[in-house]
Number of protein chains: 2
Amino acid sequence: MTTRRDAVHDTLRKSEGFRSAQDVYAEMRLHGAKIGLTTVYRALQALADGGQVDVLRTDDGESVYRACATGSHHHHLVCRRCGRTVEVAGPAVERWAEMVGSEHGFTEITHTVEVFGTCASCSAAAKAG
Amino acid sequence: MTTRRDAVHDTLRKSEGFRSAQDVYAEMRLHGAKIGLTTVYRALQALADGGQVDVLRTDDGESVYRACATGSHHHHLVCRRCGRTVEVAGPAVERWAEMVGSEHGFTEITHTVEVFGTCASCSAAAKAG
DNA sequence: GCCGAAATGAAAACGGTTGTCAAAATCCGC
DNA sequence: GCGGATTTTGACAACCGTTTTCATTTCGGC
């Protein structure tokens with residue numbers, strides 16, 4: 001039965017950025033869904049396993065998820081103030097990762113890249129404040 | 001007083017790869033050090049703030065630390081089987097991160113890059129097994 | 001030695017995540 | 001449709017790394 005899993009996926013699709021499991025759970029409850037936190041966690045894990053969602057860890061160790069239309073590989077540029085997220089492709093980085101890996105005899109290379117910064121509006125706000 | 005902090009730093013230096021806070025704590029106790037877990041955490045945070053140690057999050061949300069000779073920026077190539085770690089420099093990646101950030105109007109750009117793979121001996125072992 | 005400030009550490013609190021287990025839903029053969 | 005096996009669900013508790021609390025200890029200056 002994937003009804004609940006689909007519901008979780010839908011909720012994630014409606015969201016713009018990354019959402020934590022607890023966020024997703026809270027939102028689903030708000031919309032009247034009868035679902036438990038446990039099931040949300042399980043659904044998210046299943047979706048992540050199946051490559052239907054991106055997962056990443058925030059600096060404080062929370063897992064955040066994001067619906068991902070295609071399985072295409074990309075990275076994220078995240079504003080450290082407002083959390084705004086931009087997807088960025090980095091073929092150069094992909095190649096670099098492969099290269100440094102194979103240079104050292106590593107195989108089956110994967111990599112995680114997260115770029116953090118302060119976005120234009122937030123840095124403007126910071127200067128103003 | 002940085003006595004404890006130095007002790008933590010020393011312990012980390014004696015270790016080869018990344019160690020968790022609890023690891024460091026356990027090891028220090030083994031060696032007879034009278035130190036509390038709280039202090040280890042505080043020391044590690046202070047060292048990380050000062051750039052004397054690298055910090056990264058494992059996939060299960062644990063923070064791991066590693067003594068870092070210089071404050072120079074580098075990344076890590078980690079074997080997903082044995083945990084062996086190689087420090088790699090990636091000027092190309094640094095420039096790429098800066099570029100994608102500024103392209104989108106972001107400032108104060110930082111980034112995290114971790115490359116995972118299976119190291120030569122582990123992949124050999126896998127084929128053998 | 002004495003005082004205030006900073007550091008320390010034991011224990012409790014915290015928070016996200018995972019496990020437990022009984023109840024409910026679903027599937028299957030009939 | 002029906003009974004039983006199987007899977008899914010979710011409330012709750014356990015878990016675990018981390019952080020906070022707060023009383024105690026230590027340090028620096030006098």
Side-chain angles (χ1 to χ4, degrees), chain A residues 1-12 15 17-50 52-67 76 78 80 83 85 112 114, chain B residues 1-12 15 17-50 52-67 76 78 80 83 85 112 114:
Chain A
M1 273 320 83
T2 61
T3 327
R4 306 300 155 127
R5 198 161 82 184
D6 285 345
V8 170
H9 199 179
D10 278 354
T11 303
L12 218 49
S15 307
F18 283 85
R19 308 293 298 271
S20 72
Q22 318 245 0
D23 263 2
V24 172
Y25 170 67
E27 178 145 337
M28 294 184 75
R29 299 294 291 228
L30 274 183
H31 287 262
K34 291 286 202 309
I35 193 171
L37 182 55
T38 312
T39 307
V40 172
Y41 273 105
R42 276 195 286 244
L44 287 173
Q45 279 165 357
L47 288 167
D49 281 352
Q52 275 109 53
V53 303
D54 290 334
V55 198
L56 66 90
R57 291 259 180 184
T58 61
D59 278 353
D60 54 310
E62 196 177 14
S63 297
V64 288
Y65 304 84
R66 184 176 199 244
H76 299 104
V78 185
R80 67 164 63 83
T85 302
T112 65
E114 305 299 333
Chain B
M1 272 321 82
T2 61
T3 326
R4 307 301 155 125
R5 197 161 83 184
D6 285 344
V8 170
H9 200 181
D10 278 353
T11 303
L12 218 49
S15 307
F18 284 85
R19 308 292 298 270
S20 72
Q22 318 245 0
D23 263 0
V24 172
Y25 170 66
E27 177 145 338
M28 294 184 75
R29 298 294 291 229
L30 273 183
H31 287 262
K34 289 287 202 309
I35 193 171
L37 183 55
T38 312
T39 308
V40 172
Y41 273 105
R42 277 195 285 244
L44 287 172
Q45 280 165 356
L47 288 167
D49 281 351
Q52 275 108 54
V53 304
D54 291 333
V55 198
L56 66 90
R57 291 259 181 185
T58 62
D59 277 353
D60 55 311
E62 198 177 12
S63 297
V64 287
Y65 304 84
R66 183 177 199 243
H76 299 104
V78 186
R80 67 164 64 83
T85 302
T112 65
E114 305 299 335

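Nucleotide C/dT8 holds its P atom 11 Å from the CE atom of B/M28, rounded to whole Å. A straight line from CZ of A/R5 to P of D/dT8 spans 9 Å, rounded to a whole angstrom. The distance between atom CD of A/E62 and atom P of C/dT18, rounded to the nearest whole Å, is 12 Å. What separates CD of B/Q22 from P of C/dA10 is a distance of 14 Å, to the nearest Å. When rounded to the nearest whole Å, the span between OH of A/Y41 and P of C/dG16 equals 7 Å. Regarding A/R19, its CZ atom lies at a distance of 14 Å from the P atom of C/dG16, rounded to whole Å. Atom CG in B/D23 sits roughly 15 Å away from atom C1' in D/dT18 (whole-Å rounding). Rounded to a whole Å, the CZ atom of A/F18 is 18 Å from the C1' atom of C/dG16.
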Could you give me the CA-CA distance, side-chain angles and deciding distance for B/R66 and B/V53, then say whether side-chain contact (heavy atoms from CB on, under 4.5 Å) is met?
CA-CA 5 Å; B/R66 183 177 199 243; B/V53 304; over 6 Å; no
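Taking every heavy atom of both residues into account, A/E27 and A/R19 meet most closely at OE1-NH2, 3.0 Å. Considering every non-hydrogen atom in both B/R4 and B/T39, the closest pair reads CB-CG2, 4.0 Å. Contact record, A/Y25 with A/I35: CE1-O, 3.3 Å, taken as the closest heavy-atom pair. For the residue pair A/A67 and A/L12, the shortest heavy atom distance occurs at N-CG, 3.6 Å.
Using a 4.0 Å cut-off, some side-chain N or O of B/S63 falls inside it from OP1 or OP2 of D/dT18. Residue B/R4 places no side-chain N or O under 4.0 Å from the OP1 or OP2 atom of D/dT26. In this structure, B/T39 reaches the C/dG9 phosphate: one of its side-chain N or O atoms is under 4.0 Å from OP1 or OP2.
The side chain to side chain contact (heavy atoms under 4.5 Å, CB included) test with B/L47 singles out one residue from B/V55, B/V8, B/D6, and that residue is B/V8.
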Please enumerate all protein N or O atoms sitting under 3.5 Å from an N or O of nucleotides 11-15 of chain D, with distances to 0.1 Å.
from   : atom 1 : to    : atom 2 : distance (Å)
D/dA11 : N6     : A/T38 : OG1    : 3.0
D/dC12 : N4     : A/T38 : OG1    : 3.3

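B/Q45 pairs by the side chain to side chain donor-acceptor pair (under 3.5 Å) definition with nothing, not counting sequence neighbours.
Here D/dT19 is the nucleotide among C/dG9, D/dG10, D/dT19 with the atom lying nearest to any side-chain atom of B/Q45.
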